[in-house]
Amino acid sequence: VRIKYRKNNYRDRLMIISKTPYRISFFGGGTDYPEWYLKNGGEVISSTIEKFLYITCRNLPPFFSHKHRIVYSKIEDVKKIENIKHNAVREALKIYKKKIKNFNGLEIHYDGDLPARSGMGSSSTFVVGLINALNSFYNISVMKKKLSKESIYFEQKILKETVGSQDQIAASYGGFNSIKFNANNSFSVTPIFKDFNDANKFSDNLILVFSGINRTAKFVAKTYVNKLSNKKKNEIKKIAEHVKLSKKFLKNKNFDDFGRLLHETWMIKKSLSNRVSTDLIDDIYKLGINSGALGGKLLGAGGGGFVLFYVRKNLKKEFFKKMRNYICLPVKFTTKGSTIIKS
(Lines give C-alpha, C1' and ligand atoms only; values in the text may rest on other atoms or scores of the structure.)
Protein backbone atom coordinates (compact mmCIF):
# COMPACT_ATOMS: atom_id res chain seq x y z
CA VAL A 1 0.00 0.00 0.00
CA ARG A 2 1.45 3.36 -0.99
CA ILE A 3 0.61 6.33 1.18
CA LYS A 4 0.88 9.79 -0.32
CA TYR A 5 2.50 12.09 2.22
CA ARG A 6 1.61 15.72 1.94
CA LYS A 7 4.42 18.17 1.32
CA ASN A 8 4.52 21.20 3.57
CA ASN A 9 6.79 23.36 5.67
CA TYR A 10 6.39 21.15 8.73
CA ARG A 11 8.08 22.31 11.92
CA ASP A 12 8.09 20.14 15.01
CA ARG A 13 6.66 22.48 17.64
CA LEU A 14 6.25 21.55 21.26
CA MET A 15 2.77 20.60 22.38
CA ILE A 16 0.72 23.39 23.97
CA ILE A 17 -1.77 22.53 26.71
CA SER A 18 -4.29 25.04 28.04
CA LYS A 19 -5.87 24.44 31.45
CA THR A 20 -9.14 26.32 31.92
CA PRO A 21 -11.40 26.21 35.00
CA TYR A 22 -15.12 25.54 35.06
CA ARG A 23 -17.27 28.01 36.97
CA ILE A 24 -20.21 28.24 39.34
CA SER A 25 -22.57 31.14 38.73
CA PHE A 26 -24.37 32.13 41.93
CA PHE A 27 -26.41 35.26 41.22
CA GLY A 28 -27.22 37.59 38.34
CA GLY A 29 -27.65 35.03 35.56
CA GLY A 30 -29.70 36.60 32.77
CA THR A 31 -28.27 40.09 33.29
CA ASP A 32 -25.12 38.96 31.44
CA TYR A 33 -26.95 38.58 28.12
CA PRO A 34 -26.30 41.52 25.77
CA GLU A 35 -30.04 41.64 25.13
CA TRP A 36 -30.30 42.87 28.72
CA TYR A 37 -27.10 44.65 29.75
CA LEU A 38 -26.73 46.80 26.61
CA LYS A 39 -29.92 48.53 27.79
CA ASN A 40 -29.84 48.12 31.55
CA GLY A 41 -26.35 47.10 32.63
CA GLY A 42 -25.86 43.86 34.57
CA GLU A 43 -23.86 42.10 37.25
CA VAL A 44 -23.15 38.51 38.23
CA ILE A 45 -21.47 36.77 41.15
CA SER A 46 -19.47 33.72 40.14
CA SER A 47 -16.38 31.68 40.96
CA THR A 48 -14.12 29.28 39.16
CA ILE A 49 -13.58 25.89 40.77
CA GLU A 50 -10.83 23.28 40.87
CA LYS A 51 -12.24 21.32 37.96
CA PHE A 52 -10.62 21.93 34.60
CA LEU A 53 -10.92 21.56 30.85
CA TYR A 54 -7.75 20.79 28.90
CA ILE A 55 -7.01 21.57 25.25
CA THR A 56 -3.84 20.17 23.69
CA CYS A 57 -2.55 21.49 20.41
CA ARG A 58 0.38 20.48 18.20
CA ASN A 59 1.33 20.35 14.55
CA LEU A 60 0.19 17.10 13.00
CA PRO A 61 3.25 15.28 11.60
CA PRO A 62 3.16 15.01 7.78
CA PHE A 63 2.97 11.23 7.72
CA PHE A 64 -0.78 10.84 7.31
CA SER A 65 -3.27 11.12 4.49
CA HIS A 66 -5.32 13.59 6.61
CA LYS A 67 -4.19 17.11 7.52
CA HIS A 68 -6.09 17.76 10.75
CA ARG A 69 -7.09 15.52 13.65
CA ILE A 70 -9.69 16.67 16.20
CA VAL A 71 -10.27 14.42 19.21
CA TYR A 72 -13.20 14.88 21.62
CA SER A 73 -16.13 12.49 22.09
CA LYS A 74 -15.47 11.75 18.42
CA ILE A 75 -12.29 11.51 16.34
CA GLU A 76 -12.20 13.56 13.17
CA ASP A 77 -9.46 13.00 10.58
CA VAL A 78 -9.96 15.52 7.78
CA LYS A 79 -8.04 17.04 4.89
CA LYS A 80 -9.79 20.40 4.91
CA ILE A 81 -10.82 22.66 7.78
CA GLU A 82 -14.25 23.07 6.15
CA ASN A 83 -14.85 19.34 6.70
CA ILE A 84 -14.46 19.54 10.50
CA LYS A 85 -17.82 18.87 12.15
CA HIS A 86 -16.94 20.38 15.53
CA ASN A 87 -18.39 23.85 15.06
CA ALA A 88 -16.10 25.81 17.41
CA VAL A 89 -12.88 24.15 16.22
CA ARG A 90 -13.79 24.53 12.56
CA GLU A 91 -14.59 28.24 12.81
CA ALA A 92 -11.56 28.95 15.02
CA LEU A 93 -9.15 27.28 12.61
CA LYS A 94 -10.63 29.26 9.71
CA ILE A 95 -9.67 32.43 11.58
CA TYR A 96 -6.13 31.31 12.43
CA LYS A 97 -5.49 30.03 8.93
CA LYS A 98 -5.98 33.62 7.74
CA LYS A 99 -3.75 34.99 10.51
CA ILE A 100 -0.82 32.59 10.32
CA LYS A 101 1.70 32.35 7.52
CA ASN A 102 2.54 28.76 6.51
CA PHE A 103 -0.42 27.41 8.49
CA ASN A 104 0.08 23.64 8.81
CA GLY A 105 -2.04 20.73 9.91
CA LEU A 106 -3.05 20.56 13.58
CA GLU A 107 -3.94 17.90 16.09
CA ILE A 108 -6.28 19.14 18.82
CA HIS A 109 -7.46 17.11 21.81
CA TYR A 110 -10.16 17.99 24.34
CA ASP A 111 -10.39 16.49 27.85
CA GLY A 112 -12.55 17.69 30.71
CA ASP A 113 -12.93 16.89 34.41
CA LEU A 114 -16.70 17.43 34.12
CA PRO A 115 -19.19 16.35 31.44
CA ALA A 116 -20.13 18.74 28.65
CA ARG A 117 -23.55 20.44 28.63
CA SER A 118 -23.83 20.27 32.42
CA GLY A 119 -24.38 23.92 33.40
CA MET A 120 -20.77 24.55 34.41
CA GLY A 121 -20.05 26.92 31.53
CA SER A 122 -18.34 24.15 29.57
CA SER A 123 -19.00 25.53 26.08
CA SER A 124 -17.48 28.92 26.92
CA THR A 125 -14.70 27.25 28.91
CA PHE A 126 -13.89 25.23 25.80
CA VAL A 127 -13.79 28.36 23.62
CA VAL A 128 -11.54 30.22 26.09
CA GLY A 129 -9.21 27.23 26.38
CA LEU A 130 -9.09 26.74 22.60
CA ILE A 131 -8.36 30.39 21.83
CA ASN A 132 -5.76 30.54 24.61
CA ALA A 133 -4.05 27.40 23.31
CA LEU A 134 -4.01 28.57 19.69
CA ASN A 135 -2.72 32.03 20.64
CA SER A 136 0.05 30.48 22.70
CA PHE A 137 0.87 27.95 19.98
CA TYR A 138 1.38 30.76 17.47
CA ASN A 139 3.16 33.04 19.97
CA ILE A 140 0.31 35.57 20.07
CA SER A 141 0.25 37.33 23.43
CA VAL A 142 -3.19 38.03 24.95
CA MET A 143 -4.08 39.38 28.38
CA LYS A 144 -7.14 38.23 30.34
CA LYS A 145 -9.38 41.05 29.14
CA LYS A 146 -8.54 40.48 25.48
CA LEU A 147 -8.99 36.72 25.84
CA SER A 148 -12.43 37.37 27.36
CA LYS A 149 -13.46 39.76 24.60
CA GLU A 150 -12.21 37.48 21.82
CA SER A 151 -14.09 34.53 23.32
CA ILE A 152 -17.33 36.47 23.77
CA TYR A 153 -17.15 37.81 20.21
CA PHE A 154 -16.37 34.34 18.86
CA GLU A 155 -19.34 32.66 20.56
CA GLN A 156 -21.90 35.41 20.02
CA LYS A 157 -20.89 36.76 16.58
CA ILE A 158 -18.99 33.97 14.80
CA LEU A 159 -20.84 30.93 16.14
CA LYS A 160 -24.03 33.00 16.64
CA GLU A 161 -24.85 31.14 19.85
CA THR A 162 -27.47 32.32 22.35
CA VAL A 163 -25.07 32.69 25.26
CA GLY A 164 -24.31 35.28 27.91
CA SER A 165 -20.98 36.97 28.55
CA GLN A 166 -20.11 35.91 32.09
CA ASP A 167 -18.67 32.44 31.48
CA GLN A 168 -15.94 33.58 29.09
CA ILE A 169 -14.81 36.25 31.58
CA ALA A 170 -14.87 33.86 34.53
CA ALA A 171 -12.83 31.26 32.64
CA SER A 172 -10.30 33.87 31.50
CA TYR A 173 -9.82 35.64 34.84
CA GLY A 174 -10.46 32.95 37.44
CA GLY A 175 -11.35 33.66 41.06
CA PHE A 176 -14.47 34.56 43.05
CA ASN A 177 -15.68 37.79 41.48
CA SER A 178 -18.35 40.34 40.81
CA ILE A 179 -18.50 40.87 37.05
CA LYS A 180 -20.26 44.08 36.00
CA PHE A 181 -21.57 44.68 32.49
CA ASN A 182 -22.11 48.22 31.24
CA ALA A 183 -24.50 49.51 28.60
CA ASN A 184 -21.50 50.67 26.52
CA ASN A 185 -20.48 46.99 26.18
CA SER A 186 -17.55 47.24 28.62
CA PHE A 187 -17.11 45.13 31.74
CA SER A 188 -15.15 45.10 35.00
CA VAL A 189 -14.05 42.29 37.29
CA THR A 190 -13.79 42.80 41.06
CA PRO A 191 -12.73 40.07 43.54
CA ILE A 192 -15.28 39.49 46.30
CA PHE A 193 -12.97 38.24 49.05
CA LYS A 194 -9.91 40.16 50.24
CA ASP A 195 -8.75 37.03 52.04
CA PHE A 196 -9.25 33.92 49.92
CA ASN A 197 -9.29 31.82 53.10
CA ASP A 198 -12.77 33.24 53.65
CA ALA A 199 -13.76 31.96 50.21
CA ASN A 200 -12.51 28.51 51.15
CA LYS A 201 -14.52 28.58 54.39
CA PHE A 202 -17.59 29.48 52.36
CA SER A 203 -16.94 26.69 49.86
CA ASP A 204 -17.02 24.15 52.70
CA ASN A 205 -20.80 24.60 52.65
CA LEU A 206 -21.29 23.90 48.94
CA ILE A 207 -22.10 20.63 47.19
CA LEU A 208 -22.71 19.87 43.51
CA VAL A 209 -25.19 17.14 42.63
CA PHE A 210 -25.21 15.78 39.08
CA SER A 211 -28.66 15.21 37.64
CA GLY A 212 -27.38 12.84 34.97
CA ILE A 213 -29.01 15.00 32.29
CA ASN A 214 -26.81 16.59 29.63
CA ARG A 215 -28.50 19.36 27.65
CA THR A 216 -27.57 22.07 25.19
CA ALA A 217 -27.99 25.37 27.02
CA LYS A 218 -28.66 27.52 23.96
CA PHE A 219 -31.93 25.72 23.24
CA VAL A 220 -33.18 26.42 26.76
CA ALA A 221 -31.89 30.01 26.73
CA LYS A 222 -33.67 30.74 23.45
CA THR A 223 -37.01 30.18 25.21
CA TYR A 224 -36.55 33.26 27.42
CA VAL A 225 -33.61 35.46 26.30
CA ASN A 226 -35.68 37.51 23.85
CA LYS A 227 -38.20 38.19 26.63
CA LEU A 228 -35.68 39.61 29.11
CA SER A 229 -36.32 43.27 28.28
CA ASN A 230 -40.11 43.05 28.19
CA LYS A 231 -42.14 40.10 29.46
CA LYS A 232 -39.52 38.92 31.96
CA LYS A 233 -38.18 42.35 32.94
CA ASN A 234 -39.54 42.27 36.49
CA GLU A 235 -38.03 38.84 37.13
CA ILE A 236 -34.60 39.97 35.91
CA LYS A 237 -34.80 43.06 38.11
CA LYS A 238 -35.39 40.82 41.13
CA ILE A 239 -32.42 38.66 40.11
CA ALA A 240 -30.31 41.83 39.89
CA GLU A 241 -31.41 42.84 43.40
CA HIS A 242 -30.21 39.46 44.69
CA VAL A 243 -26.72 40.27 43.43
CA LYS A 244 -26.54 43.28 45.76
CA LEU A 245 -27.89 41.28 48.68
CA SER A 246 -25.49 38.39 48.09
CA LYS A 247 -22.47 40.71 48.09
CA LYS A 248 -23.61 42.15 51.40
CA PHE A 249 -23.99 38.68 52.90
CA LEU A 250 -20.53 37.63 51.73
CA LYS A 251 -18.91 40.82 52.99
CA ASN A 252 -20.43 40.27 56.44
CA LYS A 253 -19.75 36.50 56.28
CA ASN A 254 -23.44 35.73 56.61
CA PHE A 255 -22.98 32.59 54.57
CA ASP A 256 -26.22 30.93 55.69
CA ASP A 257 -28.22 33.91 54.44
CA PHE A 258 -26.40 33.59 51.12
CA GLY A 259 -27.53 29.96 50.99
CA ARG A 260 -31.15 30.85 51.66
CA LEU A 261 -31.01 33.52 48.95
CA LEU A 262 -29.98 30.85 46.43
CA HIS A 263 -33.41 29.28 46.96
CA GLU A 264 -35.16 32.58 46.21
CA THR A 265 -33.21 33.19 43.02
CA TRP A 266 -33.89 29.62 41.88
CA MET A 267 -37.63 30.14 42.26
CA ILE A 268 -37.40 33.23 40.05
CA LYS A 269 -35.19 31.50 37.51
CA LYS A 270 -37.70 28.66 37.20
CA SER A 271 -40.37 31.19 36.25
CA LEU A 272 -38.41 32.41 33.20
CA SER A 273 -39.39 29.37 31.12
CA ASN A 274 -41.08 26.01 31.58
CA ARG A 275 -37.91 24.45 30.12
CA VAL A 276 -35.60 25.70 32.88
CA SER A 277 -36.49 22.83 35.20
CA THR A 278 -37.81 19.28 34.80
CA ASP A 279 -39.63 16.83 37.06
CA LEU A 280 -36.31 15.10 37.80
CA ILE A 281 -34.58 18.39 38.68
CA ASP A 282 -37.50 19.31 40.93
CA ASP A 283 -37.25 15.93 42.67
CA ILE A 284 -33.49 16.32 43.21
CA TYR A 285 -33.97 19.82 44.57
CA LYS A 286 -36.73 18.76 46.95
CA LEU A 287 -34.62 15.84 48.19
CA GLY A 288 -31.66 18.16 48.70
CA ILE A 289 -33.69 20.59 50.80
CA ASN A 290 -35.17 17.72 52.81
CA SER A 291 -31.64 16.40 53.35
CA GLY A 292 -30.44 19.55 55.10
CA ALA A 293 -29.69 22.12 52.41
CA LEU A 294 -30.71 25.71 53.18
CA GLY A 295 -31.03 26.51 49.49
CA GLY A 296 -29.69 25.81 46.05
CA LYS A 297 -30.17 26.26 42.33
CA LEU A 298 -29.69 24.55 39.02
CA LEU A 299 -26.56 25.84 37.31
CA GLY A 300 -26.52 27.10 33.74
CA ALA A 301 -29.43 28.03 31.49
CA GLY A 302 -31.52 25.10 32.70
CA GLY A 303 -32.81 21.72 31.63
CA GLY A 304 -30.19 19.54 33.31
CA GLY A 305 -26.61 19.35 34.53
CA PHE A 306 -25.52 20.13 38.09
CA VAL A 307 -27.62 21.34 40.99
CA LEU A 308 -25.74 23.45 43.54
CA PHE A 309 -26.72 23.13 47.19
CA TYR A 310 -25.72 25.15 50.24
CA VAL A 311 -25.39 22.73 53.15
CA ARG A 312 -23.89 23.65 56.52
CA LYS A 313 -20.56 21.89 56.95
CA ASN A 314 -21.73 19.90 59.98
CA LEU A 315 -24.66 18.49 57.98
CA LYS A 316 -22.75 17.44 54.87
CA LYS A 317 -22.14 13.85 55.97
CA GLU A 318 -25.86 13.23 56.42
CA PHE A 319 -26.59 15.04 53.14
CA PHE A 320 -24.22 12.77 51.21
CA LYS A 321 -25.87 9.74 52.80
CA LYS A 322 -29.37 10.77 51.75
CA MET A 323 -28.22 11.76 48.25
CA ARG A 324 -26.25 8.54 47.74
CA ASN A 325 -28.11 7.70 44.50
CA TYR A 326 -26.55 10.73 42.82
CA ILE A 327 -22.98 11.79 42.10
CA CYS A 328 -22.13 14.48 44.65
CA LEU A 329 -19.04 16.67 44.51
CA PRO A 330 -17.61 18.99 47.16
CA VAL A 331 -16.62 22.44 45.88
CA LYS A 332 -13.22 24.08 46.07
CA PHE A 333 -12.53 27.45 44.47
CA THR A 334 -9.52 28.42 42.39
CA THR A 335 -8.00 31.85 41.81
CA LYS A 336 -6.50 31.16 38.38
CA GLY A 337 -8.15 31.53 35.01
CA SER A 338 -7.08 29.84 31.78
CA THR A 339 -3.35 29.08 31.82
CA ILE A 340 -0.79 27.37 29.62
CA ILE A 341 0.74 24.52 31.58
CA LYS A 342 3.16 23.16 28.97
CA SER A 343 4.88 24.75 26.03
For the residue pair [X] and [Y], what are the closest heavy atoms and their distance?
{"X": "G119", "Y": "L299", "answer": "O-CB, 3.3 Å"}
{"X": "S186", "Y": "N184", "answer": "OG-OD1, 2.6 Å"}
{"X": "T20", "Y": "G129", "answer": "OG1-CA, 3.3 Å"}
{"X": "Y33", "Y": "G164", "answer": "CE2-N, 3.4 Å"}
{"X": "G29", "Y": "I239", "answer": "O-CG2, 3.7 Å"}
{"X": "D257", "Y": "R260", "answer": "OD1-NH1, 3.0 Å"}

More than 12 heavy atoms from other groups under 6.0 Å of [atom1] on [X]:
{"X": "K94", "atom1": "NZ", "answer": "yes"}
{"X": "K149", "atom1": "NZ", "answer": "no"}
{"X": "I327", "atom1": "CD1", "answer": "no"}
{"X": "K99", "atom1": "NZ", "answer": "yes"}
{"X": "D279", "atom1": "CG", "answer": "no"}

Do the ring planes of [X] and [Y] sit parallel (below 30°), tilted (30 to 60°) or perpendicular (above 60°)?
{"X": "F176", "Y": "F26", "value": "parallel"}
{"X": "Y285", "Y": "W266", "value": "tilted"}
{"X": "F202", "Y": "F255", "value": "tilted"}

Looking only at side chains, do [X] and [Y] share a donor and an acceptor under 3.5 Å apart?
{"X": "S123", "Y": "E161", "value": "no"}
{"X": "S338", "Y": "N132", "value": "yes"}
{"X": "S118", "Y": "Y22", "value": "no"}

Measure the spacing between [atom1] of [X] and [atom2] of [Y] and express it to the nearest 0.5 Å.
{"X": "Q156", "Y": "S151", "atom1": "CD", "atom2": "OG", "value": "10.5 Å"}
{"X": "I70", "Y": "N83", "atom1": "CD1", "atom2": "CG", "value": "11.5 Å"}
{"X": "M120", "Y": "L308", "atom1": "CE", "atom2": "CG", "value": "8.0 Å"}
{"X": "I55", "Y": "L134", "atom1": "CD1", "atom2": "CG", "value": "9.0 Å"}
{"X": "L261", "Y": "E264", "atom1": "CG", "atom2": "CD", "value": "5.5 Å"}
{"X": "E155", "Y": "Q168", "atom1": "CD", "atom2": "CD", "value": "4.5 Å"}

Are [X] and [Y] in one and the same hydrophobic cluster, where Ile, Leu, Val, Met, Phe, Trp and Tyr link if side-chain heavy atoms are under 4.5 Å apart?
{"X": "F320", "Y": "F309", "answer": "yes"}
{"X": "I17", "Y": "V71", "answer": "no"}
{"X": "F52", "Y": "I341", "answer": "yes"}

Looking at V311, I284, V307, I207, which one forms a side-chain contact (heavy atoms from CB on, under 4.5 Å) with M323?
I284

How far apart are the C-alpha atoms of I140 and Y96, what are their side-chain angles, what is the distance that settles it, and do they pass the side chain to side chain contact (heavy atoms under 4.5 Å, CB included) test?
CA-CA 11 Å; I140 301 172; Y96 283 86; 4.2 Å; yes

Main-chain N/O of [Y] paired to [X] side chain as donor or acceptor, under 3.5 Å:
{"X": "D195", "Y": "N197", "value": "yes"}
{"X": "S246", "Y": "V243", "value": "yes"}
{"X": "E76", "Y": "H86", "value": "yes"}
{"X": "Y310", "Y": "D256", "value": "yes"}
{"X": "E91", "Y": "L159", "value": "no"}
{"X": "T265", "Y": "L262", "value": "no"}
{"X": "K297", "Y": "S25", "value": "yes"}
{"X": "S18", "Y": "T339", "value": "no"}

Using side-chain heavy atoms (C-beta onward) and a distance below 4.5 Å, is [X] in contact with [Y]?
{"X": "L250", "Y": "K247", "answer": "no"}
{"X": "F137", "Y": "L106", "answer": "yes"}
{"X": "L60", "Y": "H66", "answer": "yes"}
{"X": "I81", "Y": "H68", "answer": "yes"}
{"X": "V44", "Y": "I169", "answer": "no"}
{"X": "F181", "Y": "L38", "answer": "no"}
{"X": "T335", "Y": "F333", "answer": "no"}
{"X": "V189", "Y": "K144", "answer": "no"}

Lys NZ or Arg CZ of K97 over F103 ring: under 6.0 Å, within 45°:
no

Do the numbers put K244 on top of the ring of F27, so that NZ or CZ is under 6.0 Å from the six-membered ring centre and no more than 45° off the axis?
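Judged by the rule, K244 and F27 form no cation-pi pair.
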
Go through the steps to decide whether T31 and N40 satisfy the test side chain to side chain contact (heavy atoms under 4.5 Å, CB included), and finish with yes or no.
CA-CA 8 Å; T31 71; N40 309 282; over 6 Å; no

Could you check N200 against D204 for side chain to side chain contact (heavy atoms under 4.5 Å, CB included), going step by step and ending with a plain yes or no?
CA-CA 6 Å; N200 290 330; D204 285 340; 5.8 Å; no

Run the side chain to side chain contact (heavy atoms under 4.5 Å, CB included) test on D32 and I179 for me, step by step, so that the C-alpha distance in whole Å, both residues' side-chain angles and the decisive distance to 0.1 Å come before the verdict.
CA-CA 9 Å; D32 68 308; I179 305 173; over 6 Å; no

